[in-house]
Amino acid sequence: MTEPGVESGDGRDPESVSRFVERFAAQLVEAGMPRMPARVFAALLSSDTGTLTSAELGELLRISPAAVSGAVRYLSQVHLVSREREPGSRRERYRVHSDQWHEALTSREAIIKRWEDALRDGITSLGPETPAGRRLADTLEFFEFIEEDLAGIMERWRAHRDRRPEPTRTPGTP
């Protein structure tokens, strides 16, 4: 039986794919992502189509529909996955996009701005010359530095992405 999202006859070993999903998910968990969203994200990322249904994810990862739903909700909130309705059906497919990291980082810019505003308020409240105020000022300076550099990084990434050749497509792939 072929794993969901893995084309029959593609030469991949389903056990090997499963090991990759679990290894990559473990790395994401180590970096701070919750376990179930990490597993769902890794499964979607390793799917040839980049899309799977809740039932396919449940079968592939051996998890409940509720676990899939919670994981997808988290991944949608952090802009790593989107939901798509199948035409003529009530069934949803979950998609990971090739530019998911770009989208996730771009959404962080708004979060960083809010953190900066909160830090400025904190500095005013605590006093800029207090140890806590200086610590907040250092944190604010760090976030301002990151925000400034992030815009340049994103622009350089777009230019790099636009220069690279299109990947070779095998017959039958989108």
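All residue numbers refer to positions in the sequence shown, counting from 1. All heavy atoms count here, side chains included; hydrogens, waters and symmetry mates do not.
Screening residues 117-142 for ring pair (Phe, Tyr, Trp, His ring centres under 6.0 Å) gives no qualifying pairs among residues at least two apart or on separate chains. Every pair passing side-chain hydrogen bond (donor to acceptor under 3.5 Å, both in side chains) that includes a residue from residues 34-45 is listed here, sequence neighbours excluded: Glu22-Arg39. Annotation: ring pair (Phe, Tyr, Trp, His ring centres under 6.0 Å) contacts involving residues 34-58, sequence neighbours excluded, comprise Phe41-Trp101. Residue pairs meeting the ring pair (Phe, Tyr, Trp, His ring centres under 6.0 Å) criterion with at least one partner in residues 42-83, sequence neighbours excluded, do not occur; the list is empty.
Note: Ile111 CD1 to Phe143 CZ = 10.5 Å, rounded to the nearest 0.5 Å. Atoms OG and CZ, from Ser46 and Arg12 in turn, are 7.5 Å apart once rounded to the nearest 0.5 Å. Distance CG/Leu57 to OG/Ser69: 11.5 Å, rounded to 0.5 Å. Expressed to the nearest 0.5 Å, how far OG1 of Thr53 lies from CD of Glu59 amounts to 8.5 Å. How far OG of Ser47 is from CG of Leu60: 8.5 Å, rounded to the nearest 0.5 Å. Residue Ile123 holds its CD1 atom at 10.0 Å from OG of Ser125, rounded to the nearest 0.5 Å.
For Ala42, the side chain to side chain contact (heavy atoms under 4.5 Å, CB included) partners are Val21, Phe24, Ala25, not counting sequence neighbours. In this structure Glu148 satisfies the salt bridge (Lys or Arg N to Asp or Glu O under 4.0 Å) test with no other residue, sequence neighbours excluded. Judged as a side-chain hydrogen bond (donor to acceptor under 3.5 Å, both in side chains), and not counting sequence neighbours, Asp121 has no contacts. Partners of Ser82 under the side-chain hydrogen bond (donor to acceptor under 3.5 Å, both in side chains) rule, at least two apart in sequence or in another chain, are His97. For Glu144, the side chain to side chain contact (heavy atoms under 4.5 Å, CB included) criterion is met by Glu116, Arg120, Leu140, not counting sequence neighbours. Judged as a salt bridge (Lys or Arg N to Asp or Glu O under 4.0 Å), and not counting sequence neighbours, the contacts of Glu92 are Arg83, Arg85. Qualifying side-chain hydrogen bond (donor to acceptor under 3.5 Å, both in side chains) partners for Arg95, counting only residues two or more places apart in sequence or in other chains: Glu84. Legend: residues meeting side-chain hydrogen bond (donor to acceptor under 3.5 Å, both in side chains) with Glu155, ordered by chain and number and at least two apart, are Arg158.
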Inset, instruction - Apply the test side chain to side chain contact (heavy atoms under 4.5 Å, CB included) to residues Tyr94 and Val68: give CA-CA distance (whole Å), side-chain angles for both, the deciding distance (0.1 Å), then the verdict. - result: CA-CA 10 Å; Tyr94 307 112; Val68 172; 4.2 Å; yes
Inset, instruction - Start with the C-alpha gap between Leu80 and Val96, add the side-chain angles, then the distance that decides, and say whether side chain to side chain contact (heavy atoms under 4.5 Å, CB included) holds. - result: CA-CA 6 Å; Leu80 288 175; Val96 64; 5.9 Å; no
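Each of Ile146 and Ile153 belongs to its own hydrophobic cluster when Ile, Leu, Val, Met, Phe, Trp and Tyr are linked at side-chain heavy-atom distances under 4.5 angstrom. By the criterion of side-chain heavy atoms lying less than 4.5 angstrom apart, applied directly or through intervening Ile, Leu, Val, Met, Phe, Trp or Tyr residues, Ile63 is grouped together with Leu28 in one hydrophobic cluster. The cluster map of Ile, Leu, Val, Met, Phe, Trp and Tyr, joined by side-chain heavy atoms under 4.5 Å apart, puts Leu119 and Leu126 in the same cluster. Linking Ile, Leu, Val, Met, Phe, Trp and Tyr residues whenever their side-chain heavy atoms come within less than 4.5 Å leaves Val29 and Leu61 in two separate clusters.
The shortest distance between side-chain heavy atoms of Asp13 and Arg19 falls below 4.5 Å. A heavy-atom distance below 4.5 Å is found between the side chains of Leu44 and Val40.
Comment: Asp149 does not engage Arg156 in a salt bridge, judged by the lack of any side-chain N to carboxylate O separation of less than 4.0 angstrom.
Looking at Arg93 and Thr51, their side chains do bring a donor and an acceptor atom within 3.5 Å of each other.
Looking at every heavy atom in both residues, Met33 comes nearest to Ala38 through SD-CA, 3.4 Å. Looking at every heavy atom in both residues, Leu136 comes nearest to Gly122 through CD1-C, 3.6 Å.
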